Engineer: 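The following block contains the structure, expressed as structure tokens.
The analysis underlying the following values was restricted to heavy atoms, covering all of them including side chains, and did not include hydrogens, waters or symmetry mates. Predicted model, so just to flag it, every value in this text is computed and none were measured.
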Amino acid sequence: MNWHSARQPRARPFRQAVLVLRWFRERGCVHCLACDAGVSQATGYRYLHEGIDVLAAQASDLHQVLDRCRREGMTHVIRDGTLIECDRVAGVRDNGNDLWFSLKHKAFGGNVQFLSAPDGTPLWVYDAEPEPGSTPDITAARIHALPALCKAAADGLPTLADKGYIGAGIGIVVPVRRPKGRSEQTLHADTRATNSLIRGVRALGERAAAELKQRWRTLQHVTLSPRWIGDIARAAIVLNGVWK
């Protein structure tokens with residue numbers, strides 16, 4: 001048997017792993033990454049999609065994450081949403097606005113909801129296609145996570161969240177909103193102190209999304225189909241747990 005041909009099957013997984021990791025870390029052009037790996041552009045995309053599928057499949061589901069948090073004695077988890085930007089996507093809401101456009105972020109993308117540990121370590125991203133960027137956080141949470149989070153809160157594991165989740169239900173701890181047209185000082189001193197405490201503790205979770213995007217730069221702007229955004233985010237969390 002020719003030595004070179006015998007070596008190729010062993011080299012191929014290594015080249016594929018390097019291509020996938022570089023894409024996550026550098027947000028590189030798939031065509032350039034494929035050239036560096038010595039494969040065609042079509043094969044490069046196949047390598048990438050296979051790698052994302054394999055990594056995303058390793059991510060824990062919400063019930064597994066909450067069970068692990070209780071076993072490890074965590075006092076709470078932090079829930080937040082972030083927009084993972086993508087190229088403009090066709091789609092219109094009933095009011096005529098672009099479905100995938102977020103007015104809050106002034107960009108096109110998918111609304112990704114995630115949980116983090118009290119120290120800000122990302123733990124979970126919902127295992128479904130992302131909601132369009134125009135979807136409010138509370139709506140996305142009701143679709144994908146609130147029943148499990150409310151049950152976890154009843155078992156002693158509350159969730160901290162921002163004001164975008166007001167009305168989420170018992171066990172979802174959010175700051176008290178000030179009366180419309182009034183200053184923060186109109187709230188009782190105890191309420192203001194509670195709000196400050198919630199914001200201070202929750203800030204670690206909000207920082208987690210920014211740090212995840214900084215480490216895995218492909219989360220800053222996904223050039224694949226938006227349906228891949230959820231899988232890419234789950235894969236990034238898996239990589240984040242391995243790449244300490």
Side-chain angles (χ1 to χ4, degrees), residues 55-84 102 104-105 109-177 191 193-213 219 226-227 229-241:
L55 289 169
Q58 306 305 310
S60 302
D61 65 26
L62 181 56
H63 297 286
Q64 292 172 331
V65 168
L66 294 174
D67 288 342
R68 190 181 76 194
C69 291
R70 283 192 291 266
R71 288 196 305 270
E72 295 180 1
M74 294 185 187
T75 57
H76 63 276
V77 292
I78 302 169
R79 180 172 184 81
D80 198 14
T82 188
L83 183 82
I84 295 183
S102 169
K104 176 181 177 181
H105 298 89
N111 182 323
V112 174
Q113 300 289 306
F114 68 93
L115 286 184
S116 61
D119 64 357
T121 302
L123 299 175
W124 172 82
V125 171
Y126 58 70
D127 50 352
E129 291 188 14
E131 297 300 319
S134 61
T135 307
D137 285 341
I138 183 64
T139 301
R142 285 174 175 150
I143 294 172
H144 297 285
L146 283 188
L149 292 179
C150 290
K151 182 180 185 305
D155 294 335
L157 184 69
T159 300
L160 302 188
D162 60 26
K163 292 179 181 178
Y165 296 90
I166 288 177
I170 297 174
I172 312 300
V173 182
V174 298
V176 176
R177 179 174 290 165
T191 302
T194 300
N195 285 354
S196 297
L197 179 61
I198 294 173
R199 292 192 191 103
V201 176
R202 197 193 71 244
L204 294 173
E206 294 185 339
R207 186 183 67 187
E211 291 181 346
L212 200 65
K213 289 182 178 181
L219 295 179
R227 73 181 184 85
I229 289 177
D231 286 338
I232 292 168
R234 286 192 296 279
I237 286 182
V238 172
L239 288 172
N240 203 63

Engineer: Run the side chain to side chain donor-acceptor pair (under 3.5 Å) test on E131 and Y126 for me, step by step, so that the C-alpha distance in whole Å, both residues' side-chain angles and the decisive distance to 0.1 Å come before the verdict.
Structural biologist: CA-CA 10 Å; E131 297 300 319; Y126 58 70; 5.0 Å; no
Engineer: I need the minimum non-hydrogen distance between L66 and A152, along with the two atoms involved.
Structural biologist: CD1-CB, 3.9 Å
Engineer: Rounded to the nearest 0.5 Å, what separates atom CD1 in I172 from atom SG in C150?
Structural biologist: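 Rounded to the nearest 0.5 Å, the CD1-SG separation comes out at 4.5 Å.
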Engineer: What is the minimum heavy-atom distance between L62 and A148, and which atoms define it?
Structural biologist: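 The pair with the smallest heavy-atom distance is CD2-CB, 3.5 Å.
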Engineer: Please name all residues satisfying salt bridge (charged side-chain N to carboxylate O under 4.0 Å, His left out) with K151, sequence neighbours left out, ordered by chain then number.
Structural biologist: D155
Engineer: Start with the C-alpha gap between Q113 and V125, add the side-chain angles, then the distance that decides, and say whether side-chain contact (heavy atoms from CB on, under 4.5 Å) holds.
Structural biologist: CA-CA 6 Å; Q113 300 289 306; V125 171; over 6 Å; no
Engineer: Please, which pairs that meet salt bridge (Lys or Arg N to Asp or Glu O under 4.0 Å) have at least one residue in residues 194-203, sequence neighbours excluded?
Structural biologist: E184-R199, R202-E206
Engineer: Under the salt bridge (charged side-chain N to carboxylate O under 4.0 Å, His left out) rule, collect the residues that match up with D137, sequence neighbours excluded.
Structural biologist: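 Counting only residues at least two positions away or on another chain, D137 forms no salt bridge (charged side-chain N to carboxylate O under 4.0 Å, His left out).
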Engineer: Is any side-chain heavy atom of R234 closer than 4.5 Å to one of I237?
Structural biologist: no
Engineer: With sequence neighbours excluded, what pairs up with R68 under the salt bridge (charged side-chain N to carboxylate O under 4.0 Å, His left out) test?
Structural biologist: E72
Engineer: Which atoms form the tightest heavy-atom contact between L157 and C69, and what is the distance?
Structural biologist: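 Nearest heavy atoms, L157 then C69: CD2-CB, 3.8 Å.
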Engineer: Could you pull out the closest heavy-atom pair between A233 and V112, with the gap in Å?
Structural biologist: CB-CG1, 4.3 Å
Engineer: Nearest 0.5 angstrom please: I84 CD1 to L219 CG, how far?
Structural biologist: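 Taking CD1 in I84 and CG in L219, the distance rounds to 5.0 Å.
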Engineer: Using a 6.0 Å cut-off, check whether atom NE2 of H63 has over 12 heavy atoms from anything other than its own residue.
Structural biologist: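 For H63, atom NE2 is not crowded (no more than 12 foreign heavy atoms under 6.0 Å).
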Engineer: Between L55 and Q58, is there a side-chain heavy-atom distance shorter than 4.5 Å?
Structural biologist: no
Engineer: What are the two closest non-hydrogen atoms of L212 and A236, and how far apart are they?
Structural biologist: CD1-O, 4.3 Å
Engineer: To check you understand the geometry: which heavy-atom pair defines the closest contact between T159 and L149, and what is its length?
Structural biologist: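 That would be OG1-CD2, 3.7 Å.
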Engineer: What is the distance from atom CG of N111 to atom OG1 of T139, rounded to the nearest 0.5 Å?
Structural biologist: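 That separation rounds to 9.0 Å.
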Engineer: Indicate every side-chain donor-acceptor pair of residues 73-82 with a distance under 3.5 Å to a residue at least two apart or in another chain.
Structural biologist:
residue, atom, partner, partner atom, Å
T82, OG1, K213, NZ, 3.0

Engineer: Look at the side chain of N195 and the backbone N and O of V176, then say whether any donor-acceptor pair between them is shorter than 3.5 Å.
Structural biologist: yes
Engineer: Taking side chain as C-beta onward, heavy atoms only, is V174 less than 4.5 Å from I198?
Structural biologist: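 The answer is no; the side chains never approach within 4.5 Å.
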Engineer: Under the rule for salt bridge (charged side-chain N to carboxylate O under 4.0 Å, His left out), what residues qualify as partners of D67, not counting sequence neighbours?
Structural biologist: R70
